[in-house]
Amino acid sequence: MKIAVVGGGISGVSTAYLLKKHTKHDIILIEKEKIGGKALSEKRDGYLIETGPNGFLSNKEEIKKLITESGFDSEVIESRDESNRKFIFSNGRLWEIPKNPAKIMFNGFLSSKAKLKILKEPFIKPVFRDETVEGFVKRRLGQEFLDKIIGPMVCGVFAGDPKIMSMESNFPRIKEIERRYGSLIKGLIGMMKEKRAGANSISGGFSSKLLSFKNGVGSFIKHLSKSIEIVKDEVLSIETINGKQRLLGRLNHYTADIVIFSLPAYSLKKIIENYNREFAAHLNNIPYAPMAVLALGFESSKLPEITNSFGYLFDLNEIEDTIGVLFDSSIFGGRAKAGKTLIRIMVGGQLAKESPFKSNLITLAMKELNRSANIHYPFEFAYKKVHHKAIPVYTLNHKKVKEELLEFERKHRGIFITGNAFFGISLNDCVKTAYNTLEKIKSGL
Ligand SMILES: Cc1cc2nc3c(=O)[nH]c(=O)nc-3n(C[C@H](O)[C@H](O)[C@H](O)COP(=O)(O)OP(=O)(O)OC[C@H]3O[C@@H](n4cnc5c(N)ncnc54)[C@H](O)[C@@H]3O)c2cc1C
């Protein structure tokens, strides 16, 4: 059988790799731009810059399995110990996030009112339906906890807006804790007890490390792609003729028995608009957050001590243009030449939608570094990548979109859909979906 995978990001490449390795089918991958999609690693002037993700957590099993089975273990690197320190910029200064969550009650970060609200958390009734992240956090832990702790994370990691993000689609395990224990605090205590007793709890791994690759995340995707036949073309539409799938590309057309779309929702929508109008309309309901990634290189000796840490996020009340600052060369080795420091500044997300498109981005980034971390020494290197549609945002509508996706796959036998728009945005989620797709195809679903 012939299988065409459309889209050469981590989702498409890992799917094509696994199919090639574990089946006898004939596989081609069609990519319109560069293999790697959002996850490119570029070497410039002695710096290694990630245009997107910089790593994955060590407790994520599927990506580790794929690394091992593709023979890439020797390229894996661990984050440095100093990158254990993470901060939040709030009330005009940086606050270290304590390793022990209970310490947040004693370091002056939260007001007495916020602490009182936290202490009342075990007595708040659980809500079993889905709700927004903002609704959930305000209800259980209060506005200040949202602004200073959960908001910065949701905004900095997911580039999202807590006002519209779904709790169940983004944080199913936290919602599960509420359901199972009736409270997050009771849940944390319960899970620690279960862990001590060696039970299989939903806590997963508390102490995971960030991992990456010597030559960046993009090097892993390139490695996987080496065994796959790749065609550079943009797929424009699909039709099914006598049980075969026919893809019309800008340069050519392709016939296959099975097609796997591993595309952003907005690209998939265009392709299937005349094929299944109803599902295409659902795809339109997935919003995307824009983001600019700026990478600045500095002389290390001139920088403040804070740059020897992981980086920091922003209290929601402090967000102007920037949502996160990462000290990349302190997190992983090999990101900057000797004596230099590489800092990545994430601008935009849903709370600062206009910011990635401002003309003076580098000046804005320097102003931000100055305001929040007292970094004012001139940079010696600058790089900018603007993602017009960086990350899909899972809203309260997301569950419905996934149901419609399964309905689409049932109706159109031979077409499968993967990608970060549906089953999780992390690298590991994308790889996990690739393994699931392999199983579906092997079992003839
Ligand atoms: C700035 C940023 C930082 C991130 N940080 C992290 C992190 O630290 N850790 C983590 O786990 N995740 C992180 N993520 C998320 C993660 O990187 C993405 O979810 C993941 O890379 C998406 O992979 P994908 O293959 O699903 O989609 P994409 O990477 O978007 O790939 C889709 C591909 O399809 C191609 N394409 C589109 N239309 C067509 C067409 N018509 N025909 C042919 N090809 C087409 C595109 O060119 C692209 O290559 C980050 C994301 C961003 C943007």
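The figures here come from the full heavy-atom set of this structure, side chains too, leaving out hydrogens, waters and symmetry mates. Counting starts at 1 for both ligands and their atoms, following the listed order.
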Can you tell whether the side chains of Lys411 and Glu407 come within less than 4.0 Å, N to carboxylate O?
no
Does at least one non-hydrogen atom of Val13 fall below 4.0 angstrom from an atom of ligand 1?
no
Charged tip of Lys148 within 45° of Phe109 ring normal and under 6.0 Å
yes
Could you identify the single nearest non-hydrogen protein atom to atom 8 (O) of ligand 1 and state the distance to 0.1 Å?
Asn54 N, 3.3 Å
Between Glu50 and Arg335 (salt bridge meaning N to carboxylate O under 4.0 Å), is one present in this structure?
yes
Could you say whether the N/O atoms of Ile10 and ligand 1 ever approach to under 3.5 Å?
yes
For Val6, take its heavy atoms, then give the atoms of ligand 1 lying under 4.0 Å from any of them.
42 (N), 43 (C)
Between Ser300 and Thr341, which heavy-atom pair has the shortest distance, and what is it?
OG-OG1, 2.8 Å
Considering the heavy atoms of Met291, write down every atom of ligand 1 situated less than 4.0 Å from one of them.
1 (C), 2 (C)
Would Lys270 count as a contact of ligand 1 if the rule is a heavy atom under 4.0 Å away?
no
Below 3.5 Å, N or O to N or O, backbone or side chain included: is there any such pair between Ala390 and ligand 1?
no
Any carboxylate oxygen within less than 4.0 angstrom of a Lys/Arg side-chain nitrogen, looking at Glu131 and Lys175?
yes
Among all the protein's non-hydrogen atoms, which is closest to atom 24 (P) of ligand 1, and how far away is it?
Ser11 OG, 3.4 Å
Taking N or O atoms only and a 3.5 Å limit, does Lys38 qualify as a polar contact for ligand 1?
yes
Sequence neighbours excluded, the answer for ring pair (Phe, Tyr, Trp, His ring centres under 6.0 Å) partners of Phe381 is Tyr47
When you measure from atom 42 (N) of ligand 1 to every protein heavy atom, which one gives the shortest distance, and what is it?
Val235 N, 3.0 Å
A student checking ligand 1 against Gly55 at a 4.0 Å heavy-atom cut-off should list atoms 7 (C), 8 (O), 9 (N), 10 (C), 11 (O)
Please name all residues satisfying ring pair (Phe, Tyr, Trp, His ring centres under 6.0 Å) with His22, sequence neighbours left out, ordered by chain then number.
none
Per-atom contacts of ligand 1 with Ile30, taking only distances under 4.0 Å to non-hydrogen atoms
43 (C), 44 (N)
For Lys34, the atoms of ligand 1 under 4.0 Å from one of its heavy atoms are 49 (O)
Protein contact to atom 14 (N) of ligand 1 [nearest heavy atom, distance to 0.1 Å]
Pro53 CB, 4.0 Å
Counting heavy atoms only, which part of Ser262 comes closer than 4.0 Å to ligand 1: side chain, backbone, both or neither?
backbone
Salt-bridge present (Glu42, Lys385; N to O < 4.0 Å):
no
Nearest 0.5 Å, please: how far is OG in Ser225 from CZ in Phe220?
11.0 Å
Can you tell me the protein heavy atom closest to atom 35 (C) of ligand 1 and the distance?
Glu31 OE1, 3.2 Å
If we only consider heavy atoms of Asp233, is any one of them less than 4.0 Å away from an atom in ligand 1?
yes
At what distance is the nearest protein heavy atom to atom 39 (C) of ligand 1, and which residue and atom is it?
Leu263 CD2, 3.5 Å
May I ask you to decide whether Asp257 forms a salt bridge with Lys244, counting only side-chain N to carboxylate O separations under 4.0 Å?
yes
With a 4.0 Å cut-off, would you call Glu404 and Lys400 a salt bridge?
yes
Atom 3 (C) of ligand 1 sits nearest the protein heavy atom Gly52 C, 3.4 Å
Side-chain ion pair, Asp130 and Lys399, N-O less than 4.0 Å:
no
Thinking salt bridges, do Glu318 and Arg371 make one under a 4.0 Å N-O criterion?
yes
Decide whether an N or O pair under 3.5 Å exists between Glu234 and ligand 1.
no
Got a salt bridge between Lys442 and Glu439, using NZ or NE/NH1/NH2 to carboxylate O under 4.0 Å?
yes
Does the pair Glu178/Arg140 count as a salt bridge with the N-to-O cut at 4.0 Å?
yes
I'd like to check which ligand 1 atoms, numbered from 1 as shown, lie under 4.0 Å from a non-hydrogen atom of Val293.
1 (C)
Nearest non-hydrogen contact with atom 11 (O) of ligand 1 belongs to which option: Ile63, Leu427, Thr51?
Leu427
Judged by heavy atoms only, the candidate from Ser212, Gly7, Gly9 nearest atom 31 (O) of ligand 1 is Gly9
Under a 4.0 angstrom heavy-atom cut-off, which atoms of ligand 1 come close to Gly419?
26 (O)
Provide, to 0.1 Å, the distance between atom 22 (C) of ligand 1 and the closest protein heavy atom, together with that atom's residue and name.
Asn420 ND2, 3.4 Å
Could an N or O of ligand 1 be found under 3.5 Å from any N or O of Ile425, whether backbone or side chain?
yes
Interfacing atoms of ligand 1 (cut-off 4.0 Å, heavy-atom, Ile271)
41 (N)
Strictly below 4.0 Å, N to O, side chains only: are Glu31 and Lys232 in salt-bridge contact?
no
The single option from Leu210, Asn54, Asn84 that satisfies side chain to side chain contact (heavy atoms under 4.5 Å, CB included) with Ser79 is Leu210
For ligand 1, note which part of Ile35 has a heavy atom under 4.0 Å away: side chain, backbone, both or neither.
neither
Run down the list Leu236, Val431, Ile391, Asn428 and name the one with the heavy atom closest to atom 52 (C) of ligand 1.
Ile391
Hey, does Ser426 come in under 3.5 Å of ligand 1, counting only N/O atoms on both sides?
no
